[in-house]
Structure formats: C-alpha cells, structure tokens
Amino acid sequence: MQLQKFDINLEEDEDLSPFVRGKVFIVQKKDGYRFNIDSLLLSDFVNIKSSGKLIDLGTGSGIILILLSLKYKNIQFYGLEVQQDLYQLAQKNIKLNNVKADLKLGDVKEVKKFYEHQYFDYVVINPPYFKSGDYKNTQEKIARSEVLATLEDFIKASWYLLKNKGKLFMIVPCERFSETIKYLKNYNLQPKRYRFIHPSINEKATHFMVEAIKQAKEGGEIVESPLIVYENPKEKKYTDYVWSLLENYPNHRL
C-alpha cells in the first residue's frame, strides 16, 4: 500500500497511527511491538538546552526522537536500535515526519563500535522493563525484556556516551527503583530529578522517570509532583495533564 500524501509504502503487516492530534504519524507492525504513552511521558520529562547531541538508545520505531524534534529544533538527533525490522521502521518514520536523525543498527552493548567516548550531551532511554516474560512475538520480547541487553547494559552505555555533566533521562518500573539507582551511582551518573507515575490518584506508583548527570556531586535532588495518568481508570479517562499532553504537546500548559 502506498500513501502518496506521505511518500511512503506500507507493508501488509504495517499500519499508520496518528499521534498527538496528528502532529506525528508512526508506522508500526500490526502484531509487533507498539509504542505506548510512556514514550510521550518521557519526552515531556526531558528538559535540556536548545543545542547539543542527543541519542535515543533502543529507539524502536523512532517515536521518542520524533516527539523530541517537536520540542527542540536545534538538537542533533541520533538513534541506536538492535532489531533490523524496528530499525527499518524507525528510518521510515524519521523520513515520514521530516526529522533529521542519524540512525544506526547495533547492540547497546557495543556502542564503542559506533560512537566515540563522551560524544553526546544527552541520552534518552526507554529500556526493556522486565528481566523475562511471555510475549506474543520475538520483536516484543526483545523490546520489553532483557533477552539481549540488561538495564545495567543501557546505563553502562550511557556512561560511555555522555560527556561530563551530560544528562541521562529514563523511565523504569518502580519495582526496579533501587536497582536503577545502584547502577546509576556505580557508573557515576548522579540522580538529580525524579517524577513518579501513578495509574490513578488512589493507586501506588508503577513507574518513575529520572534525570541523572554524569560526574555530578550528590545532593540537590528534586522529586516533582506525581504524574497521575487516569482521572477515572475504569473508564480510561485521562487526567487534564495527560489529556493536555495528548492534545497540545509540546506546548501544553497546566
């Protein structure tokens, strides 16, 4: 299927999804790994200067780079993805959304093959959440579990890639909070800012986002106000904040 409006070909197993009020369009596999709202929440959490080099490790379909390109116009974007099919999707999506980004196919454990030490100002990671699990296909299994690379592998790669005082942004399940902080500190990435994500106001946090700075001193940590996803979880009604993100990103104001 050819979409002449977008100058792109869709395979039989792919579909085209509009996102944030049609500001972006993402090609995804119908039965493969599909991005979720976590990518938007993490992109919203990223807070950087308007210049520099940024890499998304495990870029998947490229959604985070595309969202960040709406927010930052003068950043040089890079992405690394280990799965051939997702890498090809990311290339397609980068072109589809007119984003300039240098994408590479490769393993996060082998970043030294692709990039110089301390080459980047910023690293963004939406890593595999779980150590293991049952998944409907290999693509989703690799994206969501540590079958190819662990949480520590991603953090170690971030240390290698970041300049001193460079920033790492990531989202992780709360059940891996202490493990995440341990790895960050082991690699001289000092946590400085946190935001916890709750499904609803009466439920415990399920995920957290963290900003860490390479070679920063301890102290001065900030815990931002909780991010509540649903006003009414039974009806899947989003809170005003999340609804504004979906409607107005990156220019939401609440």
Side-chain angles (χ1 to χ4, degrees), residues 15-47 56 58-68 70-71 86 93 124-137 139-146 151 154 169-181 191 193-211 221-254:
D15 60 24
L16 185 68
S17 303
F19 197 46
V20 288
R21 275 291 183 182
K23 292 180 182 178
V24 302
F25 288 85
I26 304 296
V27 178
Q28 301 184 93
K29 295 293 184 183
K30 294 177 181 177
D31 296 319
Y33 169 76
R34 299 176 71 87
F35 77 88
N36 55 35
I37 199 172
D38 292 356
S39 299
L40 178 61
L41 300 182
L42 181 57
S43 299
D44 177 53
F45 181 74
V46 171
N47 183 18
D56 178 22
T59 196
S61 63
I63 180 63
I64 288 178
L65 292 178
I66 293 165
L67 289 171
L68 289 175
L70 298 177
K71 192 174 176 182
L86 283 177
N93 286 322
V124 180
I125 313 173
N126 185 354
Y129 282 168
F130 308 107
K131 295 186 178 182
S132 61
D134 296 324
Y135 300 93
K136 60 185 179 182
N137 54 61
Q139 187 182 90
E140 187 175 43
K141 182 177 182 179
I142 293 173
R144 297 193 182 278
S145 69
E146 295 184 339
L151 178 61
F154 277 87
F169 301 88
M170 59 191 305
I171 182 169
V172 189
C174 286
E175 64 191 58
R176 306 192 72 176
F177 179 83
S178 60
E179 180 185 7
T180 302
I181 303 308
R193 183 167 65 101
Y194 303 92
R195 192 167 196 190
F196 290 84
I197 301 170
H198 300 247
S200 69
I201 197 168
N202 294 318
E203 294 181 86
K204 296 177 181 178
T206 55
H207 297 74
F208 72 99
M209 296 178 289
V210 58
E211 171 190 321
E221 291 93 338
I222 296 171
V223 179
E224 296 185 344
S225 60
L227 196 161
I228 312 300
V229 177
Y230 292 111
E231 187 75 34
N232 187 328
K234 291 184 180 180
E235 297 179 2
K236 299 298 183 183
K237 179 183 178 182
Y238 289 119
T239 58
D240 288 344
Y241 185 86
V242 173
W243 184 251
S244 182
L245 270 180
L246 290 164
E247 290 283 303
N248 304 312
Y249 176 90
N251 300 313
H252 59 286
R253 291 290 184 271
L254 278 181

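- Proximity of Val242 to Leu227: side-chain heavy atoms (C-beta onward) are separated by under 4.5 Å at one or more points.
- Looking at every heavy atom in both residues, Val46 comes nearest to Lys71 through O-NZ, 2.5 Å.
- Between Ile228 atom CD1 and Asp240 atom CG the span is 12.5 Å, to the nearest 0.5 Å.
- In summary, the aromatic rings of Phe25 and Phe19 are positioned with their centroids too far apart to meet the 6.0 Å limit.
- Here the closest heavy-atom approach between residue Val20 and residue Leu245 is recorded as CG1-O, 3.8 Å.
- Proximity of Pro233 to Pro199: side-chain heavy atoms (C-beta onward) are nowhere separated by under 4.5 Å.
- Going from atom CG of Leu67 over to atom CG of Asp56 covers 10.0 Å, rounded to the nearest 0.5 Å.
- Residue Ile37 places its CD1 atom among more than 12 non-hydrogen atoms of other residues, nucleotides or ligands, all under 6.0 Å distant.
- Between Ser43 and Tyr249 the shortest heavy-atom distance is CB-OH, 3.6 Å.
- For the atom pair Ile63 CD1 and Leu42 CG, the distance stands at 11.5 Å (nearest 0.5 Å).
- When all heavy atoms of Tyr241 and Asp44 are compared, the pair lying nearest together is OH-OD2, 2.5 Å.
- No more than 12 heavy atoms of other residues, nucleotides or ligands sit less than 6.0 Å from atom NZ of Lys237.
- Inter-residue side-chain proximity for Gln28 and Asp15 is flagged as met; some heavy-atom pair is nearer than 4.5 Å.
- A distance of 6.0 Å separates CG of Asp38 from CD1 of Ile197, quoted to the nearest 0.5 Å.
- The distance from atom CG of Leu151 to atom CZ of Arg176, rounded to the nearest 0.5 Å, is 5.0 Å.
- Classified by interplanar angle (parallel below 30°, tilted 30° to 60°, perpendicular above 60°), the ring pair Phe208/Phe177 is perpendicular.
- The two residues Phe196 and Ala205 make their nearest non-hydrogen contact at CB-CB, 4.0 Å.
- Going from atom CD1 of Ile171 over to atom OG of Ser39 covers 8.0 Å, rounded to the nearest 0.5 Å.
- Nearest heavy atoms, Pro191 versus Ile181: CG-CD1, 4.0 Å.
- The side-chain contact (heavy atoms from CB on, under 4.5 Å) check on Glu224 picks up Phe45, Arg193, Arg195, Ile222, with sequence neighbours excluded.
- Applying the side chain to side chain contact (heavy atoms under 4.5 Å, CB included) test between Val172 and each of Asn126, Thr180, Ile125 identifies Thr180 as the sole match.
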